[in-house]
Amino acid sequence: MITDREWLDIAWKYFQQHAQQRVQHFNFFITLSAILSTGLLTTFQSDLQAPLVGIGIGLIQAQVSFIFYKIDNRNRFLTKLSENVLKRLELDTIGNAYKLFTEEEKITLLLNKSDKSRMFFNRQFGHGQLYRIVFITFFIVGISGSILSLWQLL
């Protein structure tokens, strides 16, 4: 029989592993996207004029953004899975003062719902929401770069 303490250790290690993977994947995505975006911008220099290369790099950037978006979705799912176990253990075994996972979720929801002055820039965003903004931005950069390169070719 597995004790609550052992379940807590298992859930915490599972959460920690997937949360670290998520951050590492995001860091790698940012590095790779910066390199691709720099390459894409370079193709527009007047002395280089490489629209075919620009089209390719732009399409690769869009594909990389989509792939990392899907990887992040999977890591977010696995992280949430372990968070739910941790919340359940908090509700079953821990006093009210120490419910980090449960209380964080409640407080964030209260902050975003109760204070009407919390407009877009003051709102509490989750990592997933912010990551999606970055993925979409780089996807748009890739597609836009490909279109501009195609236009330059014509």
Side-chain angles (χ1 to χ4, degrees), residues 1-43 53-149:
M1 181 81 158
I2 297 177
T3 67
D4 285 343
R5 176 67 186 165
E6 290 169 331
W7 270 118
L8 181 64
D9 288 340
I10 291 167
W12 176 251
K13 287 176 184 172
Y14 193 84
F15 171 81
Q16 190 175 28
Q17 175 185 356
H18 293 291
Q20 280 179 329
Q21 273 184 346
R22 195 171 182 199
V23 171
Q24 288 169 345
H25 286 141
F26 186 73
N27 287 339
F28 182 68
F29 169 75
I30 292 295
T31 302
L32 182 58
S33 293
I35 291 167
L36 289 169
S37 296
T38 302
L40 181 60
L41 286 173
T42 303
T43 65
V53 175
I55 292 169
I57 292 174
L59 292 175
I60 290 169
Q61 175 63 60
Q63 183 180 22
V64 164
S65 297
F66 178 75
I67 290 168
F68 274 90
Y69 169 75
K70 296 305 281 182
I71 290 169
D72 185 62
N73 278 346
R74 180 65 180 162
N75 277 330
R76 185 178 64 220
F77 170 77
L78 295 172
T79 303
K80 284 290 181 192
L81 190 64
S82 58
E83 276 184 32
N84 291 337
V85 171
L86 290 166
K87 286 177 194 175
R88 180 62 188 210
L89 288 167
E90 283 179 345
L91 291 173
D92 290 348
T93 60
I94 301 174
N96 286 335
Y98 304 107
K99 294 180 180 179
L100 293 173
F101 287 91
T102 308
E103 290 302 311
E104 180 276 327
E105 186 176 52
K106 286 180 188 175
I107 292 169
T108 300
L109 286 173
L110 283 174
L111 282 172
N112 287 336
K113 284 184 178 180
S114 66
D115 189 356
K116 298 296 180 194
S117 67
R118 292 184 84 74
M119 302 288 263
F120 181 79
F121 291 105
N122 293 331
R123 192 170 176 269
Q124 294 284 323
F125 287 97
H127 285 92
Q129 292 169 314
L130 296 170
Y131 284 6
R132 278 190 295 280
I133 290 169
V134 173
F135 293 135
I136 290 168
T137 300
F138 277 109
F139 181 85
I140 291 170
V141 166
I143 294 296
S144 300
S146 289
I147 291 170
L148 289 172
S149 295

Side-chain (E6) to main-chain (T3) donor-acceptor, under 3.5 angstrom: yes
Minimal heavy-atom distance between W7 and L89, with the atoms involved, is C-CD1, 3.8 Å
Do F138 and I30 make a side-chain contact, defined as non-hydrogen atoms from C-beta onward lying under 4.5 Å apart? yes
Rounded to the nearest 0.5 Å, what separates atom CD1 in I55 from atom CD1 in I60? 12.0 Å
Any donor-acceptor pair under 3.5 Å linking the side chain of S37 with the backbone of A34? no
Is any side-chain heavy atom of H25 closer than 4.5 Å to one of F28? no
Heavy atoms of I143 and A62 approach each other most closely as CD1-CB, 3.7 Å
Is atom OH of Y14 surrounded by more than 12 heavy atoms (other residues, nucleotides or ligands) closer than 6.0 Å? yes
What distance separates N75 CG from H18 NE2, expressed to the nearest 0.5 Å? 7.0 Å
Nearest-0.5 Å distance, CG of residue L86 to OG1 of residue T79: 11.0 Å
Candidate pair F68 and F26, rule ring pair (Phe, Tyr, Trp, His ring centres under 6.0 Å), full reasoning: CA-CA 8 Å; F68 274 90; F26 186 73; 9.2 Å; no
With a 4.5 Å cut-off on side-chain heavy atoms, are V64 and F139 touching? no
Given the side-chain rings of Y131 and F29, with only the six-membered ring counted for Trp, is the space between their centroids under 6.0 Å? no
Nearest 0.5 Å please: distance from the CG atom of L59 over to the CD1 atom of I147. 9.5 Å
Listed once per pair and sorted, the side chain to side chain donor-acceptor pair (under 3.5 Å) pairs that draw on residues 53-73, sequence neighbours left out: R22-D72, S33-Q61, Q61-S65, N73-R76
Tell me if a side-chain donor or acceptor on Q20 pairs with a main-chain N or O of Q17 at a distance below 3.5 Å. no
Value for CG (L40) from OG (S146), rounded to nearest 0.5 Å, stands at 7.0 Å
Taking salt bridge (Lys or Arg N to Asp or Glu O under 4.0 Å) as the cut-off, I'd like each qualifying pair that reaches into residues 8-17, sequence neighbours left out, listed once. R5-D9
Find the distance between OG (S82) and CD1 (I10) and round it off to the nearest 0.5 Å. 12.0 Å
Please name the pair of heavy atoms, one in G54 and one in T43, separated by the smallest distance, quoted to 0.1 Å. CA-OG1, 3.6 Å
